[in-house]
Amino acid sequence: MIEATLLQQTCFAVEQLYGGVINPDSIGLERTNKEITGDFTIVVFPMLKISRKSPESTATDIGDYLQRNMPEIAEFNVIKGFLNLILSDHYWINFLYENVDLPDFGFHGDRHERPVVLEYSSPNTNKPLHLGHIRNNLLGFSLAEILKANGHKVVRVNLVNDRGIHICKSMLAYMKWGNGETPGSTGMKGDHFIGKYYVLFNTYYKKEVNDLMGTGLSAEEAERQAPLMAEAQDILRKWEAKDSEITVLWKRMNGWAYHGFDLTYKRMGVDFDHIYYESETYLLGKELVMEGLNNGALIRKTDGSIWADLSDEGLDEKLLLRADGTSVYMTQDIGTAQLRYDDYNPSSMIYVVGNEQNYHFDVLKRVLARLGKDYSSHIHHLSYGMVELPQGKMKSREGTVVDADDLMDEMLRTAEATTRELGKANELSEDEAIKLFNTIGLGALKYFILKVDPKKNMLFDPLESIDFNGNTGPFIQYTYARIQSLLARADEAGWRWEESGASVQLPLLPLEKETIKRLYQFREIVFQAGKELSPAIVANYVFDLAKVFNQFYQELPVLKEEVPEKVILRIGISRFTGTIIQRSMKLLGIEAPERM
RNA sequence: GGCCCUGUAGUUCAAUGGAUAGAACGGAAGUUUCCUAAACUUUAAAUCCAGGUUCGAUUCCUGGUGGGGCUACCA
């Protein structure tokens, strides 16, 4: 890329003009601001100590040098300490023609031996997926695409929380009040069916706690002594003892939940290469904990429970095995990490998990390190922010959870209504129309979620958040569809721009050049998104590209232009823009429709 | 109490330590005999406060302050 050459030549310039050596990393090379003439800008302030001249004359000296030594540079201007370089139109047009049809422009081929294991989704089998899971799934799926584009092998894994006290709660509720009904007999989606019993447990449990508190117990004691909780814990012990009746019910209920999840995943367009179940990893976790106890890394308390003492690292003690021998969340995660490492020998393991678990992952890494696991330093917690509703955080107890299936239904309905209103569904078959509504509705939702920096909390207002105009998925999809339509017309009109792409001597108009410059950025964007693990970088880029293209499209005729060379050029720009929009959207897991 | 994250137009989001802080929605005013008006054009509107480092701070540091999270023998 031209940036590397610019940096290198700038170093030469400083050396030859002033006799000093400068570190290329300390040179500020950036894209020139919109209001100022130029393509790239070099900030010369850091060089003043070597040049011992004013910012202006230093910039002018270096500009002269670069222009003499780089044919790509047509001219330059200097504003204070900013050296603005203008590349020749020839350079940009040449870039366009050389890359427009490369099938992998912007992507880097395989260049890493060991894979990255990327975990996302991680549902509980006792409740359906909600808005928070949607952010998690979309981030995880998109990150996998972005990492692949950067030449990584990626193993996408899901870790299902299929054991633990919470599962026992729904099982208990079903045993008590289920009357043998099933998702089939009730017509409910399996995960929602299970969720119903989890809620039921909590309803009765809360009542018991209240009654006990009425007899004078403290809230804490009441919660511990409530009979339902004791029964649930009994089930957990039976489960760990592989009681046959409990195991059968557990498998049956989990099966219902998985079936429900699969439907939601499929609709959302996300999938996995491997699914881990905590029921398969907690025993390994226990083993590792016992091993750690034996070699003195962990401690046993008088009641028999086992802990990691992290107080010398500024943290507290952390429970790893209960006195009754049952395991906790941390135990499972230790086992899961080990299993994953053994399975794939990854260069790193990325966990897409909400920021409320920052402390958990901090502890996990430290405990693994104490257990002598070197890979602990290659565990990366991609901590994303919460999705908040206008009334605050989602709380299942207060019924303010936005269900994933409901939300997608709603998106689909809105997409349909808007599309029909605009009369854009008229010429489509029913199947095509439904496919289009899905593409647009999901595109809007996905883009809305992914355009926000993952680490930030974001606000989602179900009533207002999803718009189809402006900085939205449908805006970008529309731009793509319009380009496809244009290209089809170009084809019909007999334009074969590929065969006549030699007209690289044309002067470029500002909007033509602006669009090509955006396309040029794509490689850097893919790289940056991979480095920072941020789909938002791609999302904001592709919006910017679409916006600039729309200006180009609005202002300049393509097929109606009179000079044939210009028609060819503009078709090339449109074609490349369409390709990069599609490629960017694919990195986000969003479809770009051929027409809309 | 301790620890972590965060504070940018009315609202939702941008800005590797760089130039006059960008968009979108919403508000005001326009563009359709012409490649899809889910588009385009014009316009008003913001860096929580106080210090510090720097040629230059929304960005880095310190203190304060608002918001969120964690600090479970839940996951």
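Just so it is clear, the structure is predicted and the values come from calculations on it, not from any experiment. Chain identifiers are assigned alphabetically (A, B, ...) following the order of the sequence lines, protein sequences preceding nucleic acid strands; residue numbering begins at 1 within each chain. Side chains included, hydrogens not; waters and symmetry mates left out as well; all remaining heavy atoms used.
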A/Glu30 has its side chain closest, among B/U16, B/G69, B/A75, to B/U16
Hey, are A/Tyr447 and A/Asn471 close enough side-chain-wise for a donor-acceptor pair under 3.5 Å? yes
Spacing between A/Met330 atom CE and B/C70 atom C1', to the nearest angstrom: 12 Å
With sugar-phosphate meaning primed atoms plus P, OP1 and OP2, does A/Ala481 contact a base, only sugar-phosphate, or nothing at under 4.0 Å between heavy atoms? base
Can you say whether the rings of A/Phe201 and A/Tyr205 are parallel (under 30°), tilted (30 to 60°) or perpendicular (over 60°)? parallel
Please report, rounded to the nearest Å, how far the P atom of B/A15 is from the CD atom of A/Glu524. 14 Å
Provide, to the nearest angstrom, the distance between the OH atom belonging to A/Tyr384 and the P atom belonging to B/G68. 19 Å
How is A/Asp453 classified with respect to the nucleic acid when contacts are heavy atoms under 4.0 Å: base, sugar-phosphate, or nothing? sugar-phosphate
Over all strands shown, is A/Val452 touching base, sugar-phosphate only, or nothing at heavy-atom distances under 4.0 angstrom? sugar-phosphate
Contact list (N/O, under 3.5 angstrom) for nucleotides 52-55 of chain B vs protein:
none

Once you apply a heavy-atom cut-off of 4.0 Å, does A/Ile165 come out as touching a base, just sugar-phosphate, or nothing? sugar-phosphate
For the pair A/Asp453 (side chain) and A/Lys455 (backbone), establish whether a donor and an acceptor sit closer than 3.5 Å, ignoring hydrogens and angles. yes
What nucleotide, of B/C4, B/U12, B/C35, holds the atom closest to the side chain of A/Lys560? B/C35
Taking for A/Lys34 and for A/Asp303 the nucleotide of RNA chain B with the nearest heavy atom, the one nearer the 5' end belongs to A/Lys34
Determine, step by step, whether A/Glu591 and A/Lys435 satisfy the salt bridge (Lys or Arg N to Asp or Glu O under 4.0 Å) criterion, reporting the C-alpha distance in whole Å, the side-chain angles of both residues, the deciding distance to 0.1 Å, and the verdict. CA-CA 11 Å; A/Glu591 268 184 76; A/Lys435 189 168 183 297; 3.7 Å; yes
For A/Ile525 and B/U16, give me the distance from atom CD1 to atom C1', rounded to whole Å. 11 Å
Which nucleotide wins on minimum distance to the side chain of A/Asn457, given the candidates B/A38, B/G68, B/C74? B/G68
The side chain of A/Phe475 is closest to which nucleotide in this list: B/U20, B/C40, B/A37? B/C40
Within-4.5 Å side-chain heavy-atom neighbours: A/Trp250 and A/Ile167: yes
Does a side-chain N or O from A/Ser485 land closer than 4.0 Å to OP1 or OP2 of B/U36, or not? yes
Using a cut-off of strictly less than 4.0 Å, decide whether A/Arg482 has a side-chain nitrogen or oxygen near OP1 or OP2 of B/A37. yes
Re B/A75: Watson-Crick or G-U wobble partner, both distances kept under 3.5 Å, found to be none
Can you tell me the base-pairing partner of B/U54? Count Watson-Crick or G-U wobble geometry only, both distances below 3.5 Å, and say none if there is no partner. none
Using only side-chain N and O atoms of A/Arg489, determine if any of them is under 4.0 Å from OP1 or OP2 of B/U36. yes
Listed pairs, N/O of protein and of nucleotides 24-27 of chain B, under 3.5 Å:
residue : atom : partner  : partner atom : Å
B/A24   : OP1  : A/Lys547 : NZ           : 3.0
B/A24   : O2'  : A/Asn471 : N            : 3.1

Is there a side-chain polar atom (N or O) of A/Tyr553 under 4.0 Å from OP1 or OP2 of B/U36? yes
Of the nucleotides B/U6, B/C73, B/A75, which one has an atom closest to the side chain of A/Tyr329? B/A75
Does the structure place the NZ or CZ of A/Arg163 under 6.0 Å from the centre of the six-membered ring of A/Tyr282, at an angle of no more than 45° from the ring's axis? yes
Identify whether any heavy atom of A/Asn84 sits under 4.0 Å from a base atom; if not, whether one sits that close to sugar-phosphate; answer base, sugar-phosphate or nothing. base
Nearest-neighbour nucleotide for the A/Val43 side chain, B/C35, B/U36, B/G18 considered: B/G18
Taking 4.0 Å as the cut-off, does a side-chain nitrogen or oxygen of A/Tyr478 come that near to OP1 or OP2 on B/A38? yes
Closest to the 5' end of RNA chain B, once A/Asn550 and A/Lys455 are matched to their nearest nucleotides, is A/Lys455
Angle class for the A/Tyr541/A/Phe522 ring planes (parallel below 30°, perpendicular above 60°, tilted otherwise)? tilted
Considering every strand and a 4.0 Å limit on heavy-atom distances, what is the contact class for A/Met386: base, sugar-phosphate, or nothing? nothing
Would you say the side-chain atoms of A/Thr125 and A/Asp162 include a donor-acceptor pair closer than 3.5 Å? no
With a non-hydrogen cut-off below 4.0 angstrom, is A/Glu278 in contact with a base, only sugar-phosphate, or nothing? sugar-phosphate
In a check of side-chain contact (heavy atoms from CB on, under 4.5 Å) between A/Thr515 and each of A/Leu556, A/Thr577, A/Leu509, which one passes? A/Thr577
Do the rings of A/Phe448 and A/Phe460 sit parallel, tilted or perpendicular, given the 30° and 60° boundaries? perpendicular
When we call it a touch if two heavy atoms are under 4.0 Å apart, what does A/Leu556 touch: a base, just sugar-phosphate, or nothing? base
Any-strand Watson-Crick or G-U partner of B/A19, both distances under 3.5 Å: none
Nearest-neighbour nucleotide for the A/Lys424 side chain, B/A39, B/A38, B/G7 considered: B/A38
Gap between atoms CG and C1', on A/Asn355 and B/C3 respectively (whole Å): 14 Å
Between B/U12, B/C73, B/U71, which nucleotide gets closest to the side-chain atoms of A/Arg322? B/C73
Please determine, for B/C40, whether a Watson-Crick or G-U wobble partner exists with both distances under 3.5 Å, and give it or none. B/G30
Using modelled atom types only, decide if a donor and an acceptor are shared between the side chain of A/Thr326 and the backbone of A/Arg322 within a distance under 3.5 Å. no
Does B/U41 have OP1 or OP2 under 4.0 Å away from a side-chain N or O of A/Gln551? yes
Taking any heavy-atom pair under 4.0 Å as a contact, classify A/Leu422: base, sugar-phosphate, or nothing. base
For the side chain of A/Asn33 and the base of B/A21, is some donor closer than 3.5 Å to an acceptor across the two? no
A/Glu512 and A/Lys566 ion-paired at < 4.0 Å: no
Check: B/A19 base within 3.5 Å donor-acceptor of A/Thr41 side chain: yes
Between B/G18 atom C1' and A/Ile42 atom CD1, what is the distance in whole Å? 14 Å
Looking for any heavy atom pair under 4.0 Å, which part of the strands does A/Ser574 touch: base, sugar-phosphate only, or nothing? nothing
From CD of A/Gln554 across to P of B/A38 the rounded distance in Å is 11 Å
Candidate nucleotides B/A14, B/A38, B/C35, ranked by approach to the side chain of A/Ile440 - the nearest: B/A38
Determine whether A/Tyr553 and A/Arg570 make a side-chain contact, defined as any pair of heavy atoms from C-beta on separated by less than 4.5 Å. no
A/Lys80 side-chain proximity, nearest of B/C4, B/U20, B/A38: B/U20
With a 3.5 angstrom cut-off on both distances, give the Watson-Crick or G-U wobble partner of B/C25, or none if there isn't one. B/G10
C1' atom, B/A57 versus B/G17: distance in rounded Å? 7 Å
Where the side chain of A/Ser142 meets the backbone of A/Leu139, is there a donor-acceptor pair that is under 3.5 Å apart? no
Using whole Å, report how far CD1 of A/Ile581 lies from P of B/A39. 13 Å
